[in-house]
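Worksheet: the structure to be examined is printed underneath.
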Amino acid sequence: MANYRASETKREQFRRYLEKSGVLDSLTSVLVALYEEPEKPDNAIDYIKVHLGGAADSEALQAELADLQQKFSQLMEENKELRNRLLQYEPEEGAGL
């Protein structure tokens, strides 16, 4: 019987820890959102993983995406300019041979 109480105490401590750290609130929010989804996703685990990532992760990824898209555009423009410059120095095909 003492062993049963010890495990109950540990379980209660762990529950309080989860509650204090906000884990229970986060899990509850995600599960409620999943419950309220009009069309349930095929893979509930993936849904939970995506939605547990948090807004901070999402915002950081959005910022990184915007930065990388800007760099991509700059590199594409630079590539275009360099190709045009290269064409100035390359002889035209079939000319003078």
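The shown structure was predicted, so the numbers you read here are calculated from the model rather than taken from an experiment.
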salt_bridge(R15, E19) N-O dist < 4.0 Å: yes
Within residues 23-50 or reaching into it, pairs that qualify as ring pair (Phe, Tyr, Trp, His ring centres under 6.0 Å) - sequence neighbours excluded: Y47-H51
Salt bridge (Lys or Arg N to Asp or Glu O under 4.0 Å) between E12 and R16, worked out: CA-CA 6 Å; E12 184 60 26; R16 282 194 302 261; 3.8 Å; yes
Exceeds 12 heavy-atom contacts within 6.0 angstrom, atom NZ of K40: yes
Enclosure of N43 CG (heavy-atom neighbours >12, cutoff 6.0 Å): yes
Trace of the side chain to side chain contact (heavy atoms under 4.5 Å, CB included) decision for L87 with R83: CA-CA 6 Å; L87 286 175; R83 284 178 181 268; 5.6 Å; no
Any side-chain heavy-atom pair of Q74 and E77 under 4.5 Å: no
Common cluster, F14/V23, ILVMFWY with side-chain heavy-atom separation under 4.5 Å: yes
Say you draw a straight line from [atom1] of [X] to [atom2] of [Y]; how long is it, rounded to the nearest 0.5 Å?
{"X": "Q70", "Y": "L75", "atom1": "CD", "atom2": "CG", "answer": "10.5 Å"}
{"X": "Q69", "Y": "L65", "atom1": "CD", "atom2": "CG", "answer": "4.0 Å"}
{"X": "S29", "Y": "L34", "atom1": "OG", "atom2": "CG", "answer": "12.5 Å"}

